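Structure, as structure tokens:
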Amino acid sequence: MIHVKPIKFYDTKSGSLRLFEPVTPGVATIYSCGPTVYNYAHIGNFRNFVFVDVLRRTLRLFGYNIKHVRNITDIDDKIIRKAVEENTTVQAIAAQFESAFFQDCDYLRLQKVEYNPRATEHIVDMIDLVKVLIEKGYTYERDGSVYYKIGRFENYGKLSHIDLSSVRSGARVDSDEYLKEDARDFVLWKGRREHEPYWPAPFGEGRPGWHLECSAMSRHYLGPTFDIHTGAEDLIFPHHENEIAQSEAANGVEYVRYWLHCAFLNMKDQKMSKSLGNIITARKLREDGIDGLAVRYFLLSVHYRKPLAFSMEAIESARTAVNRLQTFYSRIASAAASQSKRQEQDSADPLTRIRSDWYDALGDDLNTAKALGVLFEMLREYNTRMDMDRVDSVLAGELLSFLDEADSILDVMRPDSEDELSSKIDDMIVKRQAARLARDFREADRIRDELSQMGIVLEDTREGVRWRKI
RNA sequence: GGCGGCGUAGCCAAGUGGUAAGGCAGAGGUCUGCAAAACCUCCAUUCAUCGGUUCAAGUCCGAUCGCCGCCUCCA
């Protein structure tokens with residue numbers, strides 16, 4: 001018996017909220033467009049990856065098993081250009097920035113994804129796909145390159161709702177610098193060029209076009225039809241539209257059931273993008289000592305389909321909010337660990353309502369902004385009750401268990417564990433408490449100052465002494 | 001030009017017909033050896049503007065103004 005909680009997603013193709021019903025009950029198959037590893041990813045890129053992280057964590061919490069692919073694009077025009085600029089190899093550039101990407105993922109506490117295939121490891125699958133398209137007559141060759149003939153694909157434009165008649169042939173610059181019959185066509189396989197990596201193929205040596213890898217790798221890992229495809233909204237056209245054209249022409253079945261797209265992160269009122277030069281990398285924030293959890297919270301604080309403006313003020317305000325949540329979490333955790341008896345019975349405990357509001361918010365197209373609101377209502381409610389001694393350890397245990405569920409999505413409440421350091425700090429705190437009891441405040445303050453030198457701030461509270469890093 | 005989206009308090013933001021969640025900042029208070037932190041309370045007669053539908057509209061319809069995105073590499 002499979003038991004999952006209902007969840008709705010806004011699907012770009014239908015333009016509406018739809019109840020999620022996967023191909024296989026209880027299992028969600030997901031493909032996410034991953035990074036092109038030619039540079040450090042900026043936090044606009046990471047808004048998208050944090051959104052994907054929330055998606056997979058929510059599906060897990062809602063009872064689904066998930067099979068999730070996020071590709072690494074390690075062969076591409078920009079990587080080649082970068083390798084030339086740096087006078088090194090494509091592989092070296094790709095390896096460097098792939099490893100940087102995973103470090104940045106840790107900084108933002110992104111969960112590991114089940115499959116992280118590199119494009120260059122699936123050239124064979126791409127060649128197979130092109131072969132099928134050639135056999136079915138969806139292609140033509142020109143100067144050793146293979147192109148996809150959009151005119152052959154009946155439903156072209158159904159994702160982006162683009163009117164093909166408005167995209168006139170020859171009206172635009174061919175930025176690929178390859179020769180196409182029709183401006184709308186796109187390249188599947190780029191014929192070999194001097195000083196560029198290439199692979200052998202029945203239709204000629206060369207390298208894959210941009211869209212090919214996602215169609216090939218998703219089919220390899222997830223099959224011809226899978227449940228959810230994610231990306232940022234600029235990928236709707238042409239990238240995802242072209243994936244549909246490739247995959248549905250080759251496989252003859254529906255490619256993706258739910259298309260989810262994330263809105264941009266803006267700087268002032270403009271999108272953050274490398275070409276505009278207004279980017280901030282995750283790496284830069286980390287080097288500046290900005291807490292990754294504050295950044296994560298900031299990215300979660302607005303619904304993923306709404307534009308979000310970056311500012312340091314917003315990050316600071318997120319930092320303060322995260323602090324409050326962490327304080328609340330540790331207050332509940334100590335109450336749960338204590339043996340306190342309830343002073344008064346509460347007939348109308350709101351936990352059930354809070355929990356159900358939380359699930360409703362996430363089940364409504366991943367509304368993290370609303371879910372956070374629910375969490376802060378809970379915070380105020382139970383802080384008041386604890387001030388009145390109306391929370392015993394049993395109730396606190398239930399609250400803690402819910403907070404753990406909530407944090408299985410947010411992942412901002414529980415601090416990183418630092419065992420060696422924290423046991424030393426705990427020793428010093430015990431000594432200071434002894435000094436305070438003996439009213440030796442000079443010694444107590446000396447210990448506090450020493451901890452302060454180590455970057456540790458103490459807080460004397462009703463539930464005992466807490467510490468945190470600054 | 002085509003398509004799509006947005007405009008809610010000082011800032012951020014939830015809210016798709018039933019009488020404005022939440023966060024940050026600000027003001028007051030509680031706790032405390034001191035400090036720091038935390039905690040509590042208060043903080044929008046009003047939702048860009050103007051019309052309309054309705055018993056009822058931030059929410060639906062129309063118009064206007066402003067902003068953004070995609071249509072070309074882009075997360």
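The analysis underlying the following values was restricted to heavy atoms, covering all of them including side chains, and did not include hydrogens, waters or symmetry mates. Here the structure is a predicted model, which is why all the values come from computation and not from measurement.
In this structure, of U16(B), A75(B), G33(B), it is A75(B) that holds the atom nearest to the side chain of F264(A). The listed nucleotides are A75(B), C73(B), C24(B); the one nearest the side chain of K78(A) is C73(B). Taking the side chain of L379(A) as heavy atoms from C-beta on, and the options C39(B), G69(B), A75(B), the nearest nucleotide is C39(B). When each of A13(B), G22(B), A75(B) is scored by its nearest atom to the side-chain atoms of M272(A), the top-ranked nucleotide is A75(B). Looking at the side chain of K271(A), the nearest of the listed nucleotides G69(B), A14(B), A38(B) is G69(B). Of the candidate nucleotides A14(B), C39(B), G23(B), C39(B) has the atom nearest to the side chain of N383(A).
Nucleic acid contact for A361(A): none, since no nucleic acid atom lies under 4.0 Å from a heavy atom of the residue. Within the nucleic acid shown, L235(A) comes within 4.0 Å of sugar-phosphate atoms alone, with no base atom in reach, counting heavy atoms only. Heavy atoms of A314(A) sit nowhere under 4.0 angstrom from any nucleic acid atom. In this structure, D445(A) reaches the bases: a heavy-atom distance under 4.0 Å links it to at least one base atom across the strands shown. Among the protein residues, R432(A) comes within range of the nucleic acid bases, having at least one heavy atom under 4.0 Å from a base atom. Among the heavy atoms of the strands lying under 4.0 Å from H42(A) is at least one base atom, whether or not backbone atoms are also near. Across all strands, R305(A) comes closer than 4.0 Å to no nucleic acid atom at all (heavy-atom distances). Residue-level contact check: F376(A) touches the backbone only, with heavy atoms under 4.0 Å from sugar-phosphate atoms and none from bases.
Across all strands shown, the partner of G28(B) is C40(B), judged by Watson-Crick or G-U wobble contacts whose two distances both fall under 3.5 Å. The base-pairing partner of G58(B), taking Watson-Crick or G-U wobble contacts with both distances under 3.5 Å, does not exist among the strands shown. Shown here, A14(B) forms no base pair; nothing in the strands shown gives a Watson-Crick or G-U wobble contact with both key distances under 3.5 Å. Pair assignment for C70(B): G2(B), on the basis of Watson-Crick or G-U wobble contacts that are both within less than 3.5 Å. The partner of G7(B) is C65(B), judged by Watson-Crick or G-U wobble contacts that both fall below 3.5 Å. Nucleotide U45(B) has no partner under the Watson-Crick or G-U criteria, as no pair reaches both atom distances under 3.5 Å.
As rounded to whole Å, 13 Å separates atom C1' of G69(B) from atom CZ of R47(A). Going from atom CD of E377(A) over to atom P of C40(B) covers 13 Å, rounded to whole Å. Atom CD1 in I162(A) sits about 11 Å away from atom P in C3(B), given to the nearest Å. For the pair H211(A) NE2 and A75(B) P, the interatomic distance rounds to 13 Å; values are reported in whole Å. As rounded to whole Å, 19 Å separates atom P of G23(B) from atom CG of L308(A). In this structure, CG of L375(A) is placed 16 Å from C1' of A13(B), rounded to the nearest angstrom. Atom-to-atom, CZ of R324(A) to P of G22(B) comes out at 11 Å; the value is rounded to the nearest Å. Computed from coordinates, the F237(A) CZ to G5(B) C1' distance equals 18 Å when rounded to whole Å.
Side-chain atoms of R448(A) come within donor-acceptor range of the base of C34(B), with a qualifying N/O pair under 3.5 Å.
Using a 4.0 Å cut-off, some side-chain N or O of K274(A) falls inside it from OP1 or OP2 of A75(B). The phosphate of C67(B) has neither OP1 nor OP2 within less than 4.0 Å of any side-chain N or O from K268(A). For G22(B), one of the phosphate oxygens OP1 or OP2 lies less than 4.0 angstrom from a side-chain nitrogen or oxygen of R380(A). Within the 4.0 Å cut-off from OP1 or OP2 of A13(B), not a single side-chain nitrogen or oxygen of N367(A) is found.
For G28(B) and U49(B), the C1' atoms lie 37 Å apart once the distance is rounded to whole Å. Using atom P as the reference point in both G58(B) and C65(B), the two lie 24 Å apart (nearest Å). Using P as the reference atom, C68(B) and G26(B) are 31 Å apart when rounded to the nearest Å. Look at the C1' atom in both U41(B) and C61(B): the space between them is 42 Å, to the nearest Å. A gap of 13 Å separates the C1' atoms of A13(B) and C47(B), to the nearest Å. To the nearest whole angstrom, the two P atoms, one in C43(B) and one in A38(B), are 22 Å apart. Separation of the C1' atoms belonging to U45(B) and C31(B) is 37 Å when rounded to the nearest angstrom. With both ends at atom P, the span from U16(B) to C50(B) equals 24 Å, rounded to whole Å.
A donor-acceptor contact shorter than 3.5 Å links the side chain of D407(A) to the backbone of M413(A). Looking at D227(A), its side chain does come within 3.5 Å of a backbone N or O of T29(A) through a donor-acceptor pair. With D440(A) contributing its side chain and E443(A) its backbone, the two residues share a donor-acceptor pair below 3.5 Å.
With RNA chain B read from its 5' end, the first of the two nearest nucleotides for E459(A) and V302(A) is the one closest to V302(A).
Residues V69(A) and P117(A) form a side-chain contact, since some pair of their non-hydrogen atoms from C-beta on lies under 4.5 Å apart. The side-chain heavy atoms of P208(A) and W189(A), taken from C-beta on, include a pair separated by under 4.5 Å. Looking only at side-chain heavy atoms (C-beta outward), R70(A) and T230(A) stay at 4.5 Å or farther from each other.
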task = Could you check Y382(A) against F402(A) for ring-ring contact (aromatic ring centres under 6.0 Å, His included), going step by step and ending with a plain yes or no?
result = CA-CA 13 Å; Y382(A) 284 101; F402(A) 170 66; 9.5 Å; no
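Side chains of Q103(A) and Y40(A): no donor on one and acceptor on the other come within 3.5 Å.
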